[in-house]
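Structure first, then comments.
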Amino acid sequence: MILEMVRANGAVSLRELARVVQTSEVTVRRDVRALEAEGLLDRRHGGAVLPGGFTRESGFPQKSHLATAEKTAIADLAAGLVEEGEAVVVGAGTTTQELARRLARIPGLTVVTNSLLVAQALAHANRVEVVMTGGTLRGSNYALVGSGAEQSLQGLRVSRAFLSGSGLTAERGLSTSNMLSASVDRALVQAAAEVVVLADHTKLGTDTMFQTVPTDVITRLVTDEPPSHDDRAATELQALADQGVQITVAGAGAAGAGGEGVPPGRQPRRDMPLPGQRRTHPGGPGAGAQLRSAGSLAEQQAGSAERARVADLRRR
């Protein structure tokens, strides 16, 4: 059954496999490891792909069924970063498509994109202007690529870029499996003052062929909470934080029915505290400061006050 699912979809997450075969992710991981030893599939962080998946890019139908709850939670949280009247660029991908559906609710936006799916999600939005790049259509992900797309981005300047990809590591940053897509993503980055990467936990620690955004250029990563047993994802998150990337974690349970999620600005979120001195992102809000949730800070202060009161009573 595992092989049938991988062959039908190109790539499947461990979570989805466990749900379909009605067993634990630990058991599925063991079976995937055995199938990889026989050369029938390749393991990837958080899932399995067809053999040779390092250079093979899954098409949109396959990607759209992977980590759907996580993508919804990430999109809900990322939309809360955008304010009325901003100009942003949004790259191609299934997670950015989810983001676009939420950006449609924010008036006064200008959204530049090379993705037909992003443009479609915004087509009927009131007071949202959509600017599309030129270029050649890639049917596998409904994105415009090539020199036409890159040239149309020259001289453009927006507040931030929202990008996704095939993999994310602290060593190389964001990467993708297609050279043309990588080139356009780099042009999108050049147009933005800040770069926000949207990547669910299954992409953490995965390295693919073409680098799109080096780690030191990424301003913020919006991701979901890795499973408790996923030490690799947690280690990768800490390594990214050590290099100065602001990490914002959304709970997959925040997604509402029908993929709409909760309204922007009301999502559960956790900004990871970063150890040591952070590097500064030019022009980035709050650059150089450690991230700490207001709730956790208030709890610490309340706890300190309570301990002081008890100590004073004991002295009396």
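Reckoned from all heavy atoms, side chains included, excluding hydrogens, waters and symmetry mates.
- Minimum interatomic distance between Ala182 and Gln211 (heavy atoms only, all atoms of both residues): CB-O, 4.2 Å.
- Distance check, rounded to the nearest 0.5 Å: CZ of Arg186 to CG of Leu163 gives 11.5 Å.
- The residues Glu36 and Arg43 are annotated as salt-bridged, a charged nitrogen and a carboxylate oxygen being separated by less than 4.0 angstrom.
- Here the side chains of Val112 and Leu153 are in contact, with some heavy-atom distance below 4.5 Å.
- How far OG of Ser175 is from CE of Met209: 10.5 Å, rounded to the nearest 0.5 Å.
- When every heavy atom of Ala250 is checked against every heavy atom of Leu77, the shortest pair comes out as CB-CD2, 3.6 Å.
- Looking at heavy atoms from C-beta onward, Val197 lies out of side-chain contact with Val245 at the 4.5 angstrom threshold.
- Defined by atom type and a distance below 3.5 Å, a donor-acceptor pair is present between the side-chain atoms of Thr202 and Asp200.
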Inset, instruction - Report the C-alpha separation of Lys71 and Ser164 in whole Å, then their side-chain angles, then the decisive distance to 0.1 Å, and conclude whether the side-chain contact (heavy atoms from CB on, under 4.5 Å) test is met. - result: CA-CA 11 Å; Lys71 292 174 183 177; Ser164 188; over 6 Å; no
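- Leu122 and Ala100 get closest at one heavy-atom pair: CD2-O, 3.2 Å.
- Formation of a donor-acceptor pair under 3.5 Å by the Thr219 side chain with backbone atoms of Val195 is found in this model.
- Proximity of Asp185 to Val213: side-chain heavy atoms (C-beta onward) are nowhere separated by under 4.5 Å.
- A donor-acceptor pair is defined here as one N or O able to donate and one able to accept, closer than 3.5 Å; such a pair exists between the side chain of Thr215 and the backbone of Gly173.
- Of the possible donor and acceptor atoms, one in the side chain of Arg160 sits under 3.5 Å from a partner among the backbone N and O of Leu81.
- With hydrogens and angles ignored, the 3.5 Å screen pairs a side-chain donor or acceptor of Thr223 with a backbone N or O of Ala199.
- Counting heavy atoms from C-beta on, the side chains of Val128 and Ile106 never come closer than 4.5 Å.
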Inset, instruction - Evaluate the criterion side-chain contact (heavy atoms from CB on, under 4.5 Å) for residue pair Val89 and Leu156; output intermediate values, then yes/no. - result: CA-CA 10 Å; Val89 295; Leu156 181 71; 4.0 Å; yes
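- Proximity of a side-chain donor or acceptor of Asn114 to a complementary backbone N or O of Ala143 within less than 3.5 Å is not detected.
- The main-chain N or O of Glu129 is never found under 3.5 Å from a side-chain atom of Thr110 such that the two would form a donor-acceptor pair.
- A salt bridge is defined here as a Lys NZ or Arg NE, NH1 or NH2 lying under 4.0 Å from an Asp or Glu carboxylate O, and Glu236 with Arg232 fails to meet this definition.
- Pairing each heavy atom of Leu240 with each of Ala170, the nearest pair is CD2-CA, 3.6 Å.
- A side-chain donor-acceptor contact under 3.5 Å links Thr212 to the backbone of Leu174.
- In terms of heavy-atom proximity, Leu99 sits nearest to Ala75 at N-CB, 3.6 Å.
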Inset, instruction - Before giving the answer on side-chain contact (heavy atoms from CB on, under 4.5 Å), spell out for Leu221 and Leu204 the whole-Å C-alpha distance, their side-chain angles and the decisive distance to 0.1 Å. - result: CA-CA 11 Å; Leu221 165 64; Leu204 297 176; 4.1 Å; yes
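- Using a 4.0 Å cut-off between charged nitrogen and carboxylate oxygen, Arg102 and Asp76 count as a salt-bridge pair.
- Look at Arg127 and Glu84 and you find no salt bridge, because none of the NZ, NE, NH1 or NH2 atoms lies under 4.0 Å from a carboxylate O.
- Residues Met1 and Leu17 fail the side-chain proximity criterion, which asks for heavy atoms closer than 4.5 Å.
- Atom CD of residue Glu150 and atom CD of residue Gln190 lie 11.0 Å apart, to the nearest 0.5 angstrom.
- For Thr169, there are no side-chain hydrogen bond (donor to acceptor under 3.5 Å, both in side chains) partners two or more places apart in sequence or in a different chain.
- In this structure, the side chains of Leu144 and Val184 stay at 4.5 Å or more apart for every pair of heavy atoms.
- For the atom pair CG of Leu14 and OG1 of Thr27, the computed distance is 11.0 Å after rounding to the nearest 0.5 Å.
- In this structure a side-chain-to-backbone donor-acceptor pair under 3.5 Å is present from Thr96 to Gly91.
- Proximity of Thr248 to Arg220: side-chain heavy atoms (C-beta onward) are separated by under 4.5 Å at one or more points.
- Between Asp31 and Val21 there is no side-chain heavy-atom pair separated by less than 4.5 Å.
- Between Ala149 and Thr133 the shortest heavy-atom distance is CB-OG1, 3.8 Å.
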Inset, instruction - Any chance you could lay out the side-chain contact (heavy atoms from CB on, under 4.5 Å) test for Leu168 and Ile218, step after step, and finish with the verdict? - result: CA-CA 11 Å; Leu168 178 65; Ile218 300 173; 3.9 Å; yes
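- Between the side chain of Ser183 and the main chain of Leu180, no donor-acceptor pair closer than 3.5 Å is present.
- Under the 3.5 Å distance criterion, with hydrogens and angles disregarded, no donor-acceptor pair is assigned to the side chains of Gln97 and Ser115.
- Under a 3.5 Å cut-off, the side chain of Thr206 and the backbone N or O of Gly167 do not form any donor-acceptor pair.
- Going from atom CZ of Arg19 over to atom CD of Glu25 covers 12.0 Å, rounded to the nearest 0.5 Å.
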